[in-house]
Amino acid sequence: QVQLVESGGGLVQPGGSLRLSCAASGSIFSINAMGWYRQAPGKERELVAAFTSGGKPYYRDSVKGRFTISRDNAKNTVYLQMNSLKPEDTAVYYCNVQASLSAYDFDEYWGQGTQVTVSS
């Protein structure tokens, strides 16, 4: 009953920018956390940025100063603004949301993934 729809990926040159969006829909009682992961070919999926229940954002070291995570609670949407993109940022980016359909059960949901390719 919870669906995550991602958008905003594409092909950009090094130094370019993209903004990813992830909108959650369904019978959502509450959202505990939202974040972004990425997975490059042949590599493990890694956490890029996230909001926790405390509201303090987390960024992995390789994207600090370049990426910004934000959210619109009224729209149940999380964004990832990516600036100064590098070829090593190339990956499929996945939205991740911890949401509950009731006061008792939290589950983890994933977006379909959106391709980000940084190449000249």
Joint hydrophobic cluster, Y109 plus Y37, side-chain heavy atoms closer than 4.5 Å: no
Out of curiosity, does V116 fall in the hydrophobic cluster containing L80 (side-chain heavy atoms, cut-off under 4.5 Å, transitive links)? yes
Would a distance-only check, ignoring hydrogens and angles, find a side-chain to backbone donor-acceptor pair under 3.5 Å from E6 to G113? yes
Got I28 and V97 here, is their nearest side-chain heavy-atom distance under 4.5 Å? no
N-O pairing of D61 and K64 below 4.0 Å: yes
Is the shortest heavy-atom distance from the side chain of V118 to the side chain of K86 under 4.5 Å? no
Between atom CH2 of W36 and atom CD1 of I69, what is the distance when rounded to the nearest 0.5 Å? 8.0 Å
Measure across S120 and P14 and return the closest heavy-atom pair with its distance rounded to 0.1 Å. N-CD, 3.8 Å
Counting N and O atoms only, with roles assigned by atom type, does the side chain of T114 sit under 3.5 Å from a partner on the main chain of Y93, one being a donor and the other an acceptor? no
Say whether V5 and L20 are linked into one hydrophobic cluster, either directly or through other cluster members, by side-chain heavy-atom distances under 4.5 angstrom. no
Are more than 12 heavy atoms, taken from residues, nucleotides or ligands other than E44, located less than 6.0 Å from that residue's CD atom? no
Determine yes or no for a side-chain-to-main-chain donor-acceptor pair under 3.5 angstrom, with Q98 supplying the side chain and F106 the backbone. no
If I compare all heavy atoms of V12 with all of S17, which pair ends up nearest, and what's the gap? CG1-O, 4.0 Å
Got a second to check how far N96's CG is from M34's CE, nearest 0.5 Å? 10.0 Å
Between F29 and L101, is there a side-chain heavy-atom distance shorter than 4.5 Å? no
Does Y59 use its side chain to pair, donor to acceptor, with the backbone of G65 at less than 3.5 Å? no
Between the OG atom in S25 and the NZ atom in K75, the distance rounded to the nearest 0.5 Å is 14.5 Å
Here the pair of heavy atoms bringing T90 nearest to A40 is O-CB, 3.7 Å
Can you tell me how far the CZ atom of R38 sits from the OG atom of S62, to the nearest 0.5 Å? 4.5 Å
Same cluster (ILVMFWY, side-chain, under 4.5 Å), L47 and Y94: yes
Distance col, row L18:CG vs F67:CZ, nearest 0.5 angstrom, shows 9.0 Å
Closest contact, heavy atoms only, R66 versus D89: NH1-OD2, 2.8 Å
Do L85 and Q13 come close enough that some side-chain heavy atom pair is under 4.5 Å? no
Indicate if W110 and Y58 have the same hydrophobic cluster label, given that clusters are the connected sets of ILVMFWY residues with side-chain heavy-atom separations under 4.5 angstrom. yes
Backbone of D105 reached by a side-chain donor or acceptor of S100 within 3.5 Å: yes
Is the backbone of G8 close enough, under 3.5 Å, to the side chain of R19 for a donor and an acceptor to pair up by distance? no
Spatial distance of atom OH (Y79) from atom CG (D72) [nearest 0.5 Å]: 5.0 Å
Please find the pair of heavy atoms, one from S70 and one from V78, that lie closest to each other, and give the distance. O-CG2, 3.3 Å
